[in-house]
Amino acid sequence: MRTDGYRFGAAIGLAYPQVIAAMETQLSNGPTCNNTSNGPSTISNNCSSPVESGSIEDSKTNLIVNYLPQNMTQEELKSLFGSIGEIESCKLVRDKITGQSLGYGFVNYVDPKDAEKAINTLNGLRLQTKTIKVSYARPSSASIRDANLYVSGLPKTMTQKELEQLFSQYGRIITSRILVDQVTGVSRGVGFIRFDRRVEAEEAIKGLNCQKPPGATEPITVKFANNPSQKTSQALLSQLYQSPNRRYPGPLAQQAQRFRLDNLLNMAYGVKSRFSPMAIDGVTSLAGINIPGHAGTGWCIFVYNLAPDADESILWQMFGPFGAVTNVKVIRDFNTNKCKGFGFVTMTNYDEAAVAIASLNGYRLGDRVLQVSFKTNKTHKA
DNA sequence: TAGCATT
């Protein structure tokens with residue numbers, strides 16, 4: 001059983017301020033319209049501000065969702081965002097070769113109001129070890145691809161804001177990040193800057209690579225970041241070429257290579273099987289027949305004493321940090337549409353569900369004390 | 001010297 005369950009207070013109380021602070025940092029960087037930095041072909045929407053780009057017609061319903069947990073499926077993504085409103089389309093982006101999630105996806109709503117509501121309620125939601133980011137998708141075009149820079153040799157004292165200030169003269173920054181030591185929290189002197197457009201990134205390389213930032217003693221290195229999916233594909237190909245039965249494998253060799261491929265995927269992505277046998281209180285169980293709470297596709301949790309105005313998003317916020325949540329449901333009165341005081345949450349893994357129950361049972365939500373347990377087979381009469 | 005932002 002995992003022992004690193006998240007504190008509930010961190011899940012709801014702190015997630016939003018953190019994300020809001022991060023967004024304020026991003027939005028504080030207005031675009032610098034550096035006309036001289038562009039090549040012969042310029043793009044008409046070149047100097048739009050963040051506010052203007054958010055009002056482009058086709059971006060009012062289409063959202064991009066970043067920092068999704070690695071094992072989250074498209075169906076779970078749809079379930080989460082479908083709790084806000086009707087979805088026109090939903091796509092989790094996967095590596096074309098390995099099929100692994102790239103950690104982001106798109107959700108297109110029918111109603112722009114639902115898209116806005118999704119940003120307001122789901123941006124900053126903690127799911128497992130991730131804090132998801134929900135924002136309007138920019139209109140897709142070749143010019144915004146491959147605009148991510150990898151920066152190394154940064155002064156250890158440089159903050160994210162200072163990094164952005166350094167790079168913002170070359171264009172609109174979409175995201176920035178300084179990597180830190182997981183234990184000490186001290187900067188590792190490397191980071192990423194994602195520009196709105198590739199031409200801006202190119203100019204930043206020209207202007208800042210091998211240059212010393214203000215006050216620094218050593219020059220920094222600025223180059224295009226590796227594409228994470230490319231890196232994995234290269235690693236896979238490299239491993240396959242090194243295998244004894246390389247190049248033209250027959251059926252037997254293919255099976256062995258498939259085995260190596262699976263292991264490589266596990267190493268590259270840290271994938272743990274969703275279908276491996278689970279140890280439950282010392283007893284190994286596969287199917288979970290007659291085990292309370294197990295519904296075939298996951299572990300169903302009963303949440304009692306919810307307020308009449310409770311909605312699905314509060315269940316996502318409460319349970320998401322503890323692990324993979326596949327579905328949430330608030331039971332409502334048919335006539336009033338108000339919550340009848342209880343709801344259900346389905347989680348994939350037993351250990352994560354158990355930690356969630358142990359942590360959330362007895363939790364005070366508003367003026368109510370929640371009762372949280374595995375769902376029993378009691379029938380609820382209408 | 002590496003995290004997953006354009007389907």
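Since the structure is predicted, the reported quantities are computational estimates derived from the model, not experimental observations. Below, read A as the first sequence line, B as the second, and so on, with proteins coming before strands; counting in each chain starts at 1.
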Engineer: Taking NZ from A/Lys156 and C1' from B/dT1, how many angstroms apart are they, rounded to a whole number?
Structural biologist: 12 Å
Engineer: Given salt bridge (Lys or Arg N to Asp or Glu O under 4.0 Å), test A/Lys206 with A/Glu203 step by step and report yes or no.
Structural biologist: CA-CA 5 Å; A/Lys206 289 178 189 171; A/Glu203 291 306 312; 3.2 Å; yes
Engineer: Reckon A/Leu179 touches a base, only the sugar-phosphate, or nothing at all at heavy-atom distances under 4.0 Å?
Structural biologist: sugar-phosphate
Engineer: Is A/Phe192 stacked on the base of B/dG3, with ring centres under 5.5 Å apart and planes under 30° apart?
Structural biologist: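 Stacking is present between B/dG3 and A/Phe192, given that their ring centres fall under 5.5 Å apart and the planes under 30°.
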Engineer: Do A/Phe374 and A/Phe302 make the cut of ring centroids closer than 6.0 angstrom?
Structural biologist: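 So the answer is no for these two rings.
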Engineer: For a quick check, tell me whether the side chain of A/Arg138 and the base of B/dT6 share a donor-acceptor pair closer than 3.5 Å.
Structural biologist: yes
Engineer: Does B/dT1 have OP1 or OP2 sitting under 4.0 Å from an N or O in the side chain of A/Arg188?
Structural biologist: no
Engineer: Touch check for A/Lys96, heavy atoms < 4.0 angstrom, all strands: base, sugar-phosphate only, or nothing?
Structural biologist: nothing
Engineer: To the nearest Å, give me how far apart CG (A/Asp95) and P (B/dT6) are.
Structural biologist: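 Distance check: A/Asp95 CG to B/dT6 P gives 13 Å.
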Engineer: Among B/dA2, B/dG3, B/dT7, which nucleotide sits nearest the side chain of A/Asn148?
Structural biologist: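 Given the options B/dA2, B/dG3, B/dT7, the side chain of A/Asn148 is closest to B/dG3.
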Engineer: Given atom CD1 of A/Ile132 and atom P of B/dG3, what is their separation to the nearest angstrom?
Structural biologist: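 That distance rounds to 21 Å.
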Engineer: If you pin A/Phe224 and A/Ser89 to their nearest nucleotides in DNA chain B, which one's is more 5'?
Structural biologist: A/Phe224
Engineer: Test A/Arg332 against A/Glu312 for salt bridge (Lys or Arg N to Asp or Glu O under 4.0 Å), laying out the working first.
Structural biologist: CA-CA 11 Å; A/Arg332 294 182 169 85; A/Glu312 273 75 7; 3.1 Å; yes
Engineer: Whole angstrom is fine here: how far is it from OH in A/Tyr136 over to C1' in B/dT7?
Structural biologist: 19 Å
Engineer: Whether A/Arg194 contacts B/dG3 is assessed here as follows: a side-chain N or O lying under 4.0 Å from the phosphate OP1 or OP2. Is that the case?
Structural biologist: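 So the side-chain polar atoms of A/Arg194 never come under 4.0 Å of the phosphate oxygens OP1 or OP2 of B/dG3.
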Engineer: Could you give the CD-to-C1' distance, from A/Gln74 to B/dT7, as a whole number of Å?
Structural biologist: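 A/Gln74 atom CD is separated from B/dT7 atom C1' by 10 Å.
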Engineer: Measure CG/A/Asn108 against P/B/dT6 and give the value in whole Å, please.
Structural biologist: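 Going from CG in A/Asn108 over to P in B/dT6 covers 17 Å.
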Engineer: Need one value for A/Tyr104: base, sugar-phosphate or nothing, where a base atom within 4.0 Å counts as base even if backbone is also close, heavy atoms only.
Structural biologist: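 Sugar-phosphate: the residue A/Tyr104, judged by heavy atoms under 4.0 Å, touches backbone atoms but no base.
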Engineer: To the nearest 0.5 Å, what is the distance between OG1 (A/Thr129) and CD (A/Gln70)?
Structural biologist: 10.0 Å
Engineer: Let's see if you can work this out: which of B/dT6, B/dG3, B/dT7 has an atom nearest to the side-chain heavy atoms of A/Ala225?
Structural biologist: B/dG3
Engineer: Answer with yes or no whether A/Asn62 presents, from its side chain, a donor or acceptor under 3.5 Å of a partner atom in the base of B/dT7.
Structural biologist: yes
Engineer: For the pair made of CG in A/Leu149 and P in B/dT1, what is the distance, rounded to whole Å?
Structural biologist: 18 Å
Engineer: Does a side-chain N or O from A/Arg94 land closer than 4.0 Å to OP1 or OP2 of B/dT7, or not?
Structural biologist: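 No, because none of the side-chain N or O atoms of A/Arg94 sits under 4.0 Å from OP1 or OP2 of B/dT7.
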Engineer: Measure the acute angle between the ring planes of A/Phe81 and A/Tyr109, then classify it against the limits of 30° and 60° as parallel, tilted or perpendicular.
Structural biologist: tilted
Engineer: Between P on B/dA2 and CD on A/Gln182, what's the gap in Å once rounded to a whole number?
Structural biologist: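 Taking CD of A/Gln182 and P of B/dA2, I get 12 Å after rounding.
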